[in-house]
Amino acid sequence: MCGIVGYVGSNKNSVHVLIDGLKKLEYRGYDSAGIAYLENNKLNIIKSVGELKKLESKVNFGVSSNIGLGHTRWATHGIADEVNSHPHKVGKFTIVHNGIVENYNELRSKLKSEGYGFKSETDTEVVAALLDSIYKTNNDVLKSIRKMTDILDGSYALGIMCEDDNDTLYVAKNKSPLIIGVGEGDNYIASDVPAILDKTKKYIALEDGCYAKITSSEINLYKDGIKKDFNVEEFKYDASDISKKGYEHFMLKEMHEQPEVFRRTTNPYLESGIDSLIAKMPDFTKYGKIRIVACGSATHAGLVGKQMIEKFANAEVQVDTASEFRYCKQFLKEDELVIVVSQSGETADTLEALNIAKKNGNDTLGIINEKGSTIAREAKMVLYTEAGKEIAVATTKAYSAQVALLSLIALNLSYKKDLVDKKEIKEILEDANKLPGYIESLLNKEEDYKKIAEDIKDYNDIFFIGRGIDYALAMEGSLKLKEISYTHSEAYAAGELKHGTISLIDEGTPVVAIVTDDNIAPKTISNIKEVKSRGANVIYITNKKDENEDGFYDKKIVVPKVNYLLQPLLTVIPLQMVAYELAKLKGCSIDKPKNLAKSVTVE
Ligand code: M6R
């Protein structure tokens, strides 16, 4: 979503820092951008719609400036045009903002009656006017910010400059991520680590309700009018982690990182076999039921986890989409564990689901990739996916790491319930050792994926079918294809097709059919035959090498057969790769698909 970067200091030219930082935030998704900087105490604001290079072409990099704010906007209030894009200046205040202020309409009316006029449709311009109006009564920026935070409802990360204080940046945060980067002789603000990672490794993570005054040499943090102590932390990754390392796209690089991500995520739990798995995970046996709540691909990982935990550990699991969960009756019982799954740890709906569970008194567990993120801090327990920084909007390695941790939860619980025998544990551990090699071999079947992409490129509707765990994978395959190749696709439970959807199958309609679970394979295969006999072009993804084949598919991708708990980590690879190759063939913006944002910090 929107991105913020800010700079104050004497070492660098703020314009360079701002444009450079905004480039690093491009992956988050945006549709307009802008910067504000002071040169000789004169404020300059430059904005543009569309790609950042348009903004760059308008900027004079030769200026001398020690302070400024930059922003990439993903439109929420009003269309993507220059008027609505940030920074917004009202009276003495210039502001950039991430998040959504919910009471902006009533504030706008009130401020209008005070004589403020509004050029844009944004909530941000209202915030700037509110601050200016409060400041007129007390001439104290910090006191005004404090009062403003009492009045605003909703989420905000704010970068603020005041005309009367030309050496200082101010920030305020509530429910939208914001960090302060600590330099030497200069300081930074950013909504996300990559914006400043090549400038400093030291940062302060702000809590909700905090606001701060930042000069080149000093940082003062406040909450509720009281000065607060803070910890300066250090980023774990460095700038090379956010480079493509020779790959054509971040998505391709990240798919190729999956073997290593699997090792990093699972090794700590498996290093001493089942003993370390039991020692390092919470005791899941005390819960009557597990609820998994997440969004997008993280929900799909949850659905794979449900199949594994239910089948393997005989424990009930319910999966909910966070945006629905927060507004429906949850029927949460005391003994239910709520697991929230999130790569970013900042997804607004998932965070709200976590808050609901906490308020209800339930134990919560986060399966999170971004360390220090809001959900990681707020959940009672956290298991980290060790995927490293994921830049491509379409998640691949983080999704796999989520599935890997859920499979370990299933194994942990089934062992504790005495449902898995030694022989099977040995088999799982052996398969886990082989898995990185298998993933690599599947990634290398590039030519097969290209041929499939070529085959399906002219079709506007593609179906993904499967049963059980394969249906959960079909959902992820379909989402990957939609988001990066802009091709409509639907995931269907194979047995459900003939209740309506099969009428859409015509001569040549691509159907990606997934069959990896022996128990239900014959059923799914008969569904595949139903679509084949109606003309479908069947792309068959299976771990079955040589079943009695009688022409029910057109192309076949064989994935190595491993234990049920690990199988999805292989099956998903061809799905990711076909989506990637199709998007490449269609010339789509693979790493930054249109209209999408990496981290969805508004509901
Ligand atoms: O950061 P999160 O895991 O909470 O994000 C959830 C979804 O927004 C995310 O998985 C989204 O669906 C991906 N772009 C899919 O590739």
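All values reported here derive from a predicted model rather than from experimental measurement. Worth knowing before you read on, the calculation uses all heavy atoms, side chains too, and leaves out hydrogens, waters and symmetry mates. We count ligands from 1, going down the list as the structure has it; atoms in each ligand are counted the same way.
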Is there side-chain contact between T516 and I469, with at least one heavy-atom pair below 4.5 Å? yes
Could you tell me if T374 and E346 have a donor-acceptor pair between their side chains, going purely by distance under 3.5 Å? yes
Tell me whether the guanidinium CZ or amine NZ of K244 lies under 6.0 angstrom from the six-membered ring centre of Y247 and within 45° of its axis. no
Backbone or side chain, does any N or O of T395 fall under 3.5 Å from an N or O of ligand 1? yes
Tell me, do L435 and L570 make a side-chain contact under 4.5 Å, heavy atoms counted? yes
Shortest protein contact, atom 4 (O) of ligand 1 (heavy atom only): T347 OG1, 2.5 Å
What is the nearest protein non-hydrogen atom to atom 8 (O) of ligand 1, stated with its residue, atom name and distance? V600 CG2, 4.1 Å
Who's closest to atom 1 (O) of ligand 1 heavy-atom-wise, of G345, S344, A398, A579? S344
Are the aromatic rings of F235 and Y203 close, with centres under 6.0 Å apart? yes
protein heavy-atom neighbour closest to atom 6 (C) of ligand 1 works out as C295 O, 3.3 Å
Got a list of side-chain donor-acceptor pairs under 3.5 Å for residues 451-460, not counting sequence neighbours?
{"from": "E454", "atom 1": "OE2", "to": "K457", "atom 2": "NZ", "distance (Å)": "2.8"}
{"from": "D455", "atom 1": "OD2", "to": "K555", "atom 2": "NZ", "distance (Å)": "3.3"}

of all protein heavy atoms, closest to atom 3 (O) of ligand 1 is Q343 N, 2.6 Å
Taking atom 10 (O) of ligand 1 as the reference point, the nearest protein heavy atom with its distance: S297 N, 3.2 Å
Numbered atoms of ligand 1 (with element) below 4.0 Å of A394, judged on heavy atoms: 16 (O)
Derivation of the side chain to side chain donor-acceptor pair (under 3.5 Å) call for Q567 and N543: CA-CA 9 Å; Q567 189 66 59; N543 57 1; 3.1 Å; yes
When you measure from the heavy atoms of K480 to every atom of ligand 1, does any distance fall below 4.0 Å? yes
Ligand 1 atoms in contact with G296 (distance to a heavy atom under 4.0 Å): 12 (O)
Close-contact set for ligand 1 against V393 heavy atoms, below 4.0 Å: 13 (C), 14 (N), 16 (O)
How close does the nearest protein non-hydrogen atom get to atom 16 (O) of ligand 1, and which residue and atom is it? E483 OE2, 2.3 Å
So is K594 actually on top of Y486's ring, under 6.0 Å and inside 45° of the axis? yes
